[in-house]
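Just so it is clear: chains get the letters A, B, ... in the order the sequence lines come, proteins before strands, and each one is counted from 1.
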Amino acid sequence: MKKVENKNILEIKDLHTYFYTDNGIVKAVDGVDINLKEGSTLGIVGESGSGKSVTALSVMNLLEGTKGKIVKGEILLDGKDIVNISKEEKRKLKGSQIGMIFQEPMTSLNPVLKIGDQIMEGLLQHSDMSKQEAKEKTIKILEQISIPRADKIINEYPFQLSGGMRQRIMIAMALVCNPKILIADEPTTALDVTIQAQILELILELKKIIGMSIMFITHDLGVVAEVCDEVVVMYCGRVVESGDVFTIFEDPQHPYTKGLLESIPKLGVEVERLDSIPGNVPNPKFMPKGCKFEPRCKYSMDICKEEEPPFFTFDNEHKSRCWLCKKEYGGEL
Amino acid sequence: MKKILLHVEGLKKYYPVRKGILGSKKEYVKAVDGVDFDVYEGEVIGIVGESGCGKSTTGMLISNLINKTSGKIIFDGKDISNYDNAQMRSVRKDIQMIFQDPYASLNPRMSVREIIAEPLKIHKLTSGKEETDKRVVELLKQVGLDSYHAPRYPHEFSGGQRQRIGIARALAVEPKLVIADEPVSALDVSIQSQVLNLMKDLKEKFNLTYIFIAHDLSVVEHISDRIGVMYLGNFAEVADKKELYKNPLHPYTQALLSAVPVPDPRAKKDRIILEGSIPSALNPPSGCKFHTRCNRAMERCKVEVPKKTVINEKHYVYCHLYDEKE
Ligand SMILES: Nc1ncnc2c1ncn2[C@@H]1O[C@H](COP(=O)(O)OP(=O)(O)OP(=O)(O)O)[C@@H](O)[C@H]1O
Ligand SMILES: Nc1ncnc2c1ncn2[C@@H]1O[C@H](COP(=O)(O)OP(=O)(O)OP(=O)(O)O)[C@@H](O)[C@H]1O
Ligand SMILES: [Mg+2]
Ligand SMILES: [Mg+2]
């Protein structure tokens, strides 16, 4: 069978999102390129604070009200720019075309609105359902995500729910309108593994039924291995490596990716101390001139201090931003 | 014999919720429904369990952040069950909580410096601005945050950065008992390792005791000495960590362990799927609360509440499969 090359449903091109704070400019996203293929699941992993959520917020157009701004770059949905469009068009995109699950539920749940009303809001806005139908659909989706006492919970408020229940409410809000694209930012961090497995299954089922494409931001590399087709690795506001899930796990070509994989604690293997990548992310005021990972890299060479590496490409669209991948420096890690 | 730092007995928390259109009748969510356990000084006890089973509520009851419905809490030899606010002040420093939702637990109007300096000042652990500032920077460094973050406000941080601020705040006062509720869930695995190593170091240095609530079983396995598995407001099984992973007895523990995702895209999965919907804590099932979803449920499980069955000194389970002898 011939493999059909899927088109890109979402393209993020050279995105720069900066925050202009009282303490200076925070270059949260500083030149990010990400392609999401139609019908595929793309995992985004990387250092805490590397710009994963801000990338997602930029796509969702949720920087308003913060000191953040897209200063450069394009975001194309199905080939059409979605950065420079009217407010009304942006509002329509949200919910119906792109659904988002936020990293911290309480940042986006309304504390004084009943759970049921929050989920129904999207349904009533984007479809011509009656209130009764919307209510039934809401209860059904709550049951699908294993929320107990669903018929009661719709009349409760966020503070009455456990962390994982709130997280699942966010999942329901994002899924209820059958979006084309789902951006899931750490959607299962507060869930135990059995419920997590159920939720992942539900998401993958929806992906099949409605052909949803998914951007999956997570720190859980076990989840990435399980559900993602492709993986993007971020460090310091940039993508440092990308490729299909097998390549990233089995043949990582960036020292950060390699260090990350080596830091995974393994079930059933006892160690005194866990491995980690030595050092911390650089202070933005003293950002290294060359590769941003150089100060922590055990393979560091002279050129790494001087010049930021471009992407070097291997087979299967596997890319790494590391000088070692250039032929004259050895060609691979 | 190790010293018992915390003794919890028959701990219950029933949250009232209104019923009926007029909200006149009351029903109760039995969030924590009679929990007994001991925590030894210097140990790490991990708590895992289904989302909504009462882990955070248990943590908040022990730190006296919410009122209990009933039960007994003995901390460091003192019965603090009925302490009022004034009396609690003497133990507050010794029991610190790292909250599950960092966004909701950090005051948005305070800078990170102020957030971490506050407990230092309240408990008079530093004197003068200079010393306080120095200590704040030191604490931030320990959780992998550079000093330039100190004047920033919570909303200016990423999820994982906020989580680390919560950790720094809890560790600032050198407590005796730290209740860490999902403390590393928002961290990438490398920083997660750094923070877990730090927590281990501090534990050894200051003889700290942790109650470590988390859903990542490999993290819990690494940090804990013993692990307790909760289901719908009660413990299902408690065991030494090695024993729990090698010889899980409760069918819920077995299902949980089988569902852990493996960081290998070629791994074959052999999961025990839990049948049936999650029961409600408003009307928990009779007998063993897990019987509605248990693949080994027997007739008596529907009617009889399982008692604690001691397997060995460090391992006990609440399941009728193991109490046949009686
Ligand atoms: N509203 C804001 N104002 C100022 N700086 C911000 C704001 N939001 C995020 N940042 C900064 O932008 C950077 C990227 O943040 P982002 O939330 O995208 O990280 P992340 O990769 O999602 O991290 P995590 O894994 O911890 O969630 C961080 O250094 C953060 O401190
Ligand atoms: N303030 C409240 N009012 C009413 N019910 C509450 C309140 N807080 C918690 N509950 C209920 O108590 C139960 C236990 O909640 P808790 O937060 O302790 O769970 P948890 O084990 O920490 O779950 P998670 O892993 O999802 O964080 C849930 O059914 C929840 O809905
Ligand atoms: Mg984030
Ligand atoms: Mg909780």
Check: [Y] main-chain N/O paired with [X] side-chain donor or acceptor under 3.5 Å:
{"X": "B/Lys200", "Y": "A/Glu272", "result": "yes"}
{"X": "B/His222", "Y": "A/Glu270", "result": "no"}
{"X": "B/Asn197", "Y": "A/Arg273", "result": "no"}

Ignoring hydrogens, what is the shortest heavy-atom contact between [X] and [Y]? Give both atom names and the distance.
{"X": "B/Glu50", "Y": "A/Thr194", "value": "OE2-OG1, 4.1 Å"}
{"X": "B/Tyr103", "Y": "A/Glu104", "value": "CB-OE2, 3.3 Å"}
{"X": "B/Gln192", "Y": "A/Pro265", "value": "NE2-CG, 3.7 Å"}

For this session: Using the side-chain contact (heavy atoms from CB on, under 4.5 Å) rule, pick out the option among A/Leu191, A/Ile147, A/Leu161, A/Thr188 that qualifies with B/Ser51.
Result: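 The single option meeting the side-chain contact (heavy atoms from CB on, under 4.5 Å) with B/Ser51 is A/Leu191.
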Exercise. Pick from A/Ser276, A/Ser50, A/Ser263, A/Ser48: which one makes a side-chain contact (heavy atoms from CB on, under 4.5 Å) with B/Asp188?
Worked result: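 Between B/Asp188 and the candidates, side-chain contact (heavy atoms from CB on, under 4.5 Å) is satisfied uniquely by A/Ser48.
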Exercise. B/Ile191 versus chain A, heavy atoms under 4.5 Å apart: side chain, backbone, both or neither?
Worked result: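 The side chain, not the backbone.
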Problem set entry | Toward chain A, the part of B/Ala186 with a non-hydrogen atom under 4.5 Å |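 Interface part for B/Ala186: both.
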For this session: Kindly write out the residues that satisfy salt bridge (Lys or Arg N to Asp or Glu O under 4.0 Å) with A/Glu156, not counting sequence neighbours, or none if the list is empty.
Result: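 So A/Glu156 forms a salt bridge (Lys or Arg N to Asp or Glu O under 4.0 Å) with A/Arg149.
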For this session: Taking salt bridge (Lys or Arg N to Asp or Glu O under 4.0 Å) as the test, write out the residues that go with B/Glu114, two or more places apart.
Result: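 Partners of B/Glu114 under the salt bridge (Lys or Arg N to Asp or Glu O under 4.0 Å) test: none.
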Problem set entry | Heavy-atom side-chain contact between A/Asn280 and B/Asp146 under 4.5 Å |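 No - every pair of side-chain heavy atoms lies 4.5 Å or more apart.
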For this session: For the residue pair A/Asp192 and B/Val48, establish whether any side-chain heavy-atom pair is separated by less than 4.5 Å.
Result: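 The answer is no, as the side chains (C-beta and beyond) never meet within the 4.5 Å cut-off.
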Exercise. For chain B, which residues from residues 228-244 of chain A lie under 4.5 Å away (heavy-atom distances)?
Worked result: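 No residue falls under the 4.5 Å cut-off.
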Problem set entry | Over 12 foreign heavy atoms within 6.0 Å of NZ, A/Lys135 |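 Counting neighbours around NZ of A/Lys135, 12 or fewer heavy atoms of other residues, nucleotides or ligands fall under 6.0 Å, so no.
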Exercise. Would you call A/Arg166 and B/Asp101 a salt bridge, taking side-chain N to carboxylate O under 4.0 Å as the test?
Worked result: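 Salt bridge flag = yes for B/Asp101 with A/Arg166.
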Side-chain donor-acceptor pairs of residues 136-144 of chain B under 3.5 Å, sequence neighbours excluded:
| residue | atom | partner | partner atom | Å |
| --- | --- | --- | --- | --- |
| B/Glu138 | OE1 | B/Arg135 | NH1 | 2.8 |

For this session: Give the intermediate values and the outcome of side-chain contact (heavy atoms from CB on, under 4.5 Å) for residues A/Ile277 and B/Gln194.
Result: CA-CA 8 Å; A/Ile277 305 167; B/Gln194 287 176 2; 5.5 Å; no
